[in-house]
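This report concerns only the one structure given below.
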Amino acid sequence: EGQLVESGGGLVQPGGSLRLSCAASGFTFSDYYMSWVRQAPGKGLECVANIKEDGSEKFYVDSVKGRFAISRDNAHNSVYLQMNSLRTEDTAVYYCGRGRSALDYWGQGSLVTVSS
Amino acid sequence: QSALTQPPSASGSPGQSVTISCTGTSSDVGGYNYVSWYQQHPGKAPKLIIYEVTKRPSGVPDRFSGSKSGNTASLTVSGLQAEDEADYYCSSYAGNSNVLFGGGTKLTVL
């Protein structure tokens with residue numbers, strides 16, 4: 001049974017940076033696309049970024065292009081989301097998920113609050 | 001990168017069936033058979049209940065079924081049970097690794 005555990009969320013001022021981590025276990029990590037999906041308070045889901053199995057292809061939603069960077073370390077079964085130039089509208093619970101078009105495993109979520 | 005369109009709410013009595021729609025375009029829902037549906041209970045992570053339009057992951061009851069016609073996908077929940085009360089989200093592949101989600105539908109079991 002696969003498991004994903006996020007870490008790294010917290011409170012940050014506008015313009016600041018945070019790095020989210022997602023540790024995977026229970027499956028062959030290097031065989032899967034990985035995604036980051038966020039959910040603003042009381043709102044719906046939004047795919048923020050995803051990364052191919054070998055890290056060679058990356059996708060970003062328009063609102064985070066140039067500010068966020070997704071990466072992975074297959075040797076350590078982890079995926080990361082580096083978030084720079086954070087804005088108040090980036091406040092959300094950030095989930096990592098296994099897959100791209102269908103996410104069959106999700107982490108518990110990591111709350112990122114951008115506020116002064 | 002517009003979100004897919006879902007009704008904000010749906011409801012039904014125990015034992016009844018309810019269908020939730022998800023409307024996109026020919027560039028997403030209509031162009032690919034990669035529509036997924038997720039169930040989310042309050043304070044919990046989403047759970048995949050339908051993928052590739054009609055397929056159910058292991059462990060998901062067959063009361064949940066998916067379909068698609070043109071640019072609109074649908075999720076049908078048959079034999080409604082109290083535990084089905086949750087938010088439901090559709091998603092669709094939209095090319096170039098872009099994945100769009102719907103705005104979500106709150107299902108109430110009366």
Side-chain angles (χ1 to χ4, degrees), chain A residues 1-6 9 20 22 24 26-27 32-65 68 70 72 79 92-111, chain B residues 1-9 20 22 24 27-29 31-60 66 68 73 75 86-106:
Chain A
E1 181 79 11
Q3 186 175 16
L4 300 173
V5 179
E6 298 102 340
L20 301 181
C22 172
F27 62 94
Y32 293 90
Y33 256 90
M34 295 296 295
S35 298
W36 285 98
V37 174
R38 68 183 177 184
Q39 186 169 36
K43 301 297 184 181
L45 302 171
E46 179 182 45
C47 176
V48 174
N50 58 53
I51 186 168
K52 196 175 179 179
E53 295 88 339
D54 62 359
S56 62
E57 295 179 15
K58 304 172 184 179
F59 164 83
Y60 300 97
V61 71
D62 282 349
S63 59
V64 309
K65 281 180 182 175
F68 289 13
I70 188 171
R72 65 189 296 161
V79 61
V93 174
Y94 285 73
Y95 296 99
C96 68
R98 186 180 85 165
R100 183 177 56 171
S101 60
L103 306 184
D104 56 356
Y105 291 145
W106 293 66
Q108 83 286 359
S110 185
L111 177 62
Chain B
Q1 293 179 340
S2 300
L4 308 176
T5 300
Q6 296 182 235
S9 63
I20 298 170
C22 170
S27 296
D28 38 71
V29 175
Y32 304 92
N33 287 322
Y34 290 115
V35 174
S36 299
W37 289 90
Y38 300 88
Q39 178 191 62
Q40 186 179 34
H41 287 107
K44 300 294 187 181
K47 173 188 175 184
L48 180 68
I49 56 173
I50 296 288
Y51 67 102
E52 292 178 14
V53 181
T54 62
K55 298 178 181 178
R56 277 178 289 107
S58 175
V60 174
K68 189 183 84 167
L75 171 72
D87 293 328
Y88 291 82
Y89 293 92
C90 64
S91 75
S92 175
Y93 185 69
N96 297 317
S97 283
N98 186 15
V99 176
L100 299 177
F101 282 90
T105 297
K106 181 177 181 60

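Sequence lines set the chain letters: A, B, ... in the order given, protein chains first and strands last, and positions in each chain run from 1.
With hydrogens and angles disregarded, no donor-acceptor distance shorter than 3.5 Å links the side chain of A:Y60 to the backbone of A:S63.
With a 4.5 angstrom heavy-atom cutoff, A:V37 touches chain B only via side-chain atoms. For chain B, no part of A:K52 is nearby; none of its heavy atoms comes within less than 4.5 Å. Looking at A:Y33, the atoms closer than 4.5 Å to chain B (heavy atoms on both sides) all sit in the side chain, from C-beta outward. Using a 4.5 Å cut-off between heavy atoms, A:N50 contacts chain B through its side chain alone, with no backbone atom that close. Heavy atoms closer than 4.5 Å to chain A are found in both the backbone and the side chain of B:P46. Using a 4.5 Å cut-off between heavy atoms, B:Y32 makes no contact with chain A at all. Residue contact with chain A, scored on non-hydrogen atoms closer than 4.5 Å, involves the side chain of B:Q40 exclusively.
Aromatic rings of A:F68 and A:W36 (six-membered ring for Trp) have centroids beyond the 6.0 Å cut-off, not under it.
Among B:Y51, B:Y34, B:Y89, the residue making the largest number of heavy-atom pairs under 4.5 Å with chain A is B:Y89. Interface remark: of the candidates B:D87, B:L48, B:I49, B:L48 forms the most heavy-atom pairs closer than 4.5 Å to chain A.
Counting non-hydrogen atoms of neighbouring residues, nucleotides and ligands closer than 6.0 angstrom, the CZ atom of A:F27 exceeds 12 such neighbours.
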